[in-house]
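Residue numbers start from 1 in every chain, and the chains themselves are labelled A, B, ... in the order their sequence lines are given, proteins ahead of strands.
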There are 2 protein chains.
Amino acid sequence: MCAMPRVSEAHLAARRQQILDAARRCFMRDGFHNTSMQDVIAEAGLSVGAVYRYFKSKNDLITAIAESVIGDASTMFEELARHEPPLSPTEAVERAVTFVERETGPDGLLRIALQVWAEAMRDPALAEFVGNAYSRMRGHFVHLATRARDAGQLPADADVEAIGAVLFGMVPGYALQRMLSNGPDAKTYAAGLRTLVP
Amino acid sequence: MCAMPRVSEAHLAARRQQILDAARRCFMRDGFHNTSMQDVIAEAGLSVGAVYRYFKSKNDLITAIAESVIGDASTMFEELARHEPPLSPTEAVERAVTFVERETGPDGLLRIALQVWAEAMRDPALAEFVGNAYSRMRGHFVHLATRARDAGQLPADADVEAIGAVLFGMVPGYALQRMLSNGPDAKTYAAGLRTLVP
DNA sequence: CCTTAAAACGAATGCTCGTTCTTCTTTGAC
DNA sequence: GTCAAAGAAGAACGAGCATTCGTTTTAAGG
């Protein structure tokens, strides 16, 4: 006898991803709360039961999408931090802003990120996850600021935590401008930054 | 005969405000989409019919709250722009950030602003309103940048639009950090800004 | 005090939602 | 081929939603 799974691991993972992809499209289009489970189910081309096998509630689905979006952003910031040769703080912001510009389009990550931010105000578990992720991202900029200070590009007594926060803040600040008003493109923004921060 | 109103103008305005206040509290607590009309009605201590006399739909109520929140922020930025003697760009950001710190608390304006941003992704009418308001706010910083350039504090060929955008972006950027992670307080942030932008 | 229309009320409505549950199908080991 | 367990399906359900509407209350002009 045996209790082996009836389908391959790969099949299960693919199905799960199929649902996640559908949910992402729906959430991008209508936001978390104007998307019904029926919408996701139809978009995935599956049945109610199938979807509920993989995600036990709508909130589970929202959380999964939120974590994947925040995870993607984290990855980007980590790559900036790991870059060789090390980037100057300004260069790092410039690259982040370029990424943001790409992802603020009609089907960009940041449209969902905005939903996640709003959702985090109501869901403490999500708030903690987002808070940790954003602290880590800010940490990368603090690290860059530290390096710049040690290289003499900043005063020796500079508060690297504060400077890291300012640098990091510019990125979502730019994202909001892009999504809400018709702010400047990444290149222009970067030029402005370089004028302001010598 | 006559068709005079049965109650005073002031009474009508007060009732309307009573509903708006209740809605603001509810929306702050649960967000737009997890607040039911029943919640607002109960919070206002009125009847269904009374509320629907003043706001013909939930969306009307959301729009009214959104416009009032954005309006409050606009007022703040206008005061910064009008300040005498004129503020330097850095000073203006510092003051804006102090305002933000005050309004990111559990019952601060910015918690609703975050909801509004997310809502604007779905509601074109709201998107236009928010977009215009934010363009105007950015404009104030562009104006400050222009003045700084003309005073020789910035290169003569500086792109004031871009610099204004960078300055303005720092404000929502700081707001997000405060609301989502435990970012630095306004004073620390301002100090970081001053170190970075001489 | 009576009339009248605005204002407030709240039961009722119809619909949509997230979720459950029973049934049918597929799968892979034997 | 057979069987048992897992996967998929989708009808059904109850709760909760925004909104409507017929009724009652209120307040001011005559």
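- Here the nucleotide nearest the side chain of B:K58, chosen from D:dA8, D:dA18, D:dT20, is D:dA18.
- If you take CG of A:L61 and P of C:dT19, they are 10 Å apart, rounded to a whole angstrom.
- By the 6.0 Å contact criterion, CD on B:Q153 is enclosed, its count of non-hydrogen atoms from other residues, nucleotides or ligands being greater than 12.
- Annotation: B:E78, atom CD; neighbour count of heavy atoms from other residues, nucleotides and ligands within 6.0 Å is above 12.
- In this structure, OH of B:Y54 is placed 21 Å from P of D:dA18, rounded to the nearest angstrom.
- By the side chain to side chain donor-acceptor pair (under 3.5 Å) test, B:Q17 is found to be paired with B:D21, residues two or more places apart in sequence or in another chain being considered.
- OP1 or OP2 of C:dC9 has at least one side-chain nitrogen or oxygen of B:S47 nearer than 4.0 Å.
- A heavy atom closer than 4.0 Å to some atom of DNA chain D occurs in B:T35, B:S36, these being the qualifying members of residues 14-36 of chain B.
- In the set C:dA11, D:dG7, C:dA7, C:dA11 carries the atom at the smallest distance from any side-chain atom of B:V48.
- Smallest separation of non-hydrogen atoms from B:G31 and A:R122: N-CD, 4.0 Å.
- At a cut-off of 3.5 Å, with distance as the only test, a side-chain donor of B:R138 or A:S181 sits close to an acceptor on the other residue.
- Rounded to an integer number of Å, the gap from CD of A:E9 to P of D:dG7 is 10 Å.
- Looking at B:D39 and B:R25, their side chains never come closer than 4.5 Å, going by heavy atoms from C-beta outward.
- Remark: C1' of C:dA7 and OH of B:Y52 are 17 Å apart, rounded to the nearest angstrom.
- Of the candidates D:dA11, C:dG18, C:dC9, the closest approach to any side-chain atom of A:M37 belongs to C:dG18.
- Between A:L126 and A:A120, the shortest heavy-atom contact is CD2-N, 4.1 Å.
- A distance of 9.5 Å separates CG in A:L12 from CZ in A:R53, rounded to the nearest 0.5 Å.
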Could you summarise the pairing of DNA chain C as dot-bracket text, marking Watson-Crick and G-U pairs under 3.5 Å with ( ) or [ ] inside the strand and | across strands? |.||||||||||||||||||||||||||||
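- To the nearest angstrom, C1' of D:dG7 lies 9 Å from CG of A:L12.
- Nearer the 5' end of DNA chain C, as judged by each residue's closest nucleotide, is the contact made by B:Q38, out of A:D39 and B:Q38.
- Whole-Å rounding puts the A:I41 CD1 to C:dG18 C1' distance at 9 Å.
- Note on A:F55: nothing from the nucleic acid sits closer than 4.0 angstrom, heavy atoms only.
- With A:I163 as the partner, the side chain to side chain contact (heavy atoms under 4.5 Å, CB included) test is satisfied by one option alone out of A:L144, A:T146, A:L154: A:L154.
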